Asks: 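Please see the structure below; I have some questions.
Remember, it's 1-based here, ligands and their atoms both numbered in the order they're listed. This one's a predicted model, so the numbers in the text were calculated from it and none came from an experiment.
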Amino acid sequence: MPYCQQDDSRTQINGPSIMLEQAPAQAVALTLHELASNAAKYGALSSPSGRIELQWRLQSASRLAVRWMESGGPAVKPPTRQGFGTRVMERVICHQLNGELRFEWREQGVSCEIILQI
Ligand SMILES: Nc1ncnc2c1ncn2[C@@H]1O[C@H](COP(=O)(O)OP(=O)(O)O)[C@@H](O)[C@H]1O
Ligand SMILES: [Mg+2]
């Protein structure tokens with residue numbers, strides 16, 4: 001992530017090594033880019049105490065679950081507007097790839113789960 005040092009204790013990244021096809025790889029990359037830029041603008045990466053946990057796992061041989069969890073940033077309120085970033089994530093994950101994108105607007109930090117058939 002361009003926002004963090006490699007050994008930054010503010011980020012924890014965990015998951016098995018998986019080779020993705022082009023379409024899901026692009027969708028995941030785009031979504032993580034949007035989530036990271038939102039975290040920098042509004043969320044955990046906008047304050048020095050914020051943290052991000054990124055995890056992924058295979059729920060089955062063809063089903064990938066990616067979980068992004070923010071904590072320690074400014075108190076979160078559910079958004080009143082959907083910006084371009086949210087619309088793009090929904091388009092690629094839900095409409096193009098028939099996956100799922102779930103946000104939880106917890107006060108302690110945003111979390112987002114991406115489910116994709118791979
Ligand atoms: N990590 C986050 N923490 C707190 N609020 C967030 C976070 N990500 C998004 N939001 C809220 O959701 C809104 C929509 O985000 P997005 O669709 O990416 O639009 P934009 O980045 O252009 O504002 C943001 O304006 C902000 O209010
Ligand atoms: Mg955005």
Asks: Please report which non-hydrogen protein atom sits nearest to atom 16 (P) of ligand 1, along with the residue it belongs to and the distance in Å to one decimal place.
Replies: Thr86 OG1, 3.4 Å
Asks: So, regarding Arg81 and ligand 1 (criterion: nitrogen or oxygen to nitrogen or oxygen, under 3.5 Å), is there a contact or not?
Replies: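 Checking ligand 1 against Arg81, an N or O pair does fall under 3.5 Å apart.
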Asks: Would you mind listing which atoms of ligand 1 come within a distance below 4.0 Å of any non-hydrogen atom of Glu70?
Replies: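 What qualifies from ligand 1 is 1 (N).
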Asks: Output the list of atoms in ligand 1 that are nearer than 4.0 Å to some heavy atom of Lys41, sorted by atom number.
Replies: 20 (P), 21 (O), 22 (O)
Asks: Return the option from Ser111, Ala75, Gly83 holding the heavy atom at the smallest distance from atom 19 (O) of ligand 1.
Replies: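 Ranked by closest heavy atom to atom 19 (O) of ligand 1, first place is Gly83.
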Asks: Among Val88, Ile52, Asn38, Thr80, whose heavy atom sits nearest atom 8 (N) of ligand 1?
Replies: Asn38
Asks: Gly85 heavy atoms, cut-off 4.0 Å: which ligand 1 atoms fall inside?
Replies: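 Contacts of ligand 1 toward Gly85, numbered from 1: 17 (O), 18 (O).
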Asks: Do you know the tightest heavy-atom contact between Arg10 and Leu45?
Replies: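 Shortest heavy-atom separation between Arg10 and Leu45 comes out as NH2-CA, 3.7 Å.
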Asks: For a distance under 2.8 Å, give residue and atom name for each protein N, O or S atom next to the Mg ion (ligand 2).
Replies: Asn38 OD1
Asks: Could you tell me which atoms of ligand 1, counted from 1 in the order shown, lie closer than 4.0 angstrom to a heavy atom of Val110?
Replies: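 Atoms satisfying the 4.0 Å criterion: 1 (N), 2 (C), 3 (N), 4 (C), 7 (C).
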Asks: In terms of atom number and element, which parts of ligand 1 are under 4.0 angstrom from non-hydrogen atoms of Pro79?
Replies: 11 (C), 12 (O), 13 (C)
Asks: If you round to the nearest 0.5 Å, how far is OG of Ser62 from CD of Gln117?
Replies: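 One gets 4.5 Å once the value is rounded to the nearest 0.5 Å.
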Asks: Ion pair present between Arg102 and Glu100, side-chain N to carboxylate O less than 4.0 angstrom?
Replies: yes
Asks: Got the closest protein heavy atom to atom 10 (N) of ligand 1, with its distance?
Replies: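 The closest one turns out to be Trp105 CZ3, 3.6 Å.
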Asks: Which option, Trp68, Tyr42, Phe84, Phe103, owns the non-hydrogen atom nearest atom 4 (C) of ligand 1?
Replies: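 Nearest heavy atom to atom 4 (C) of ligand 1 lies in Tyr42.
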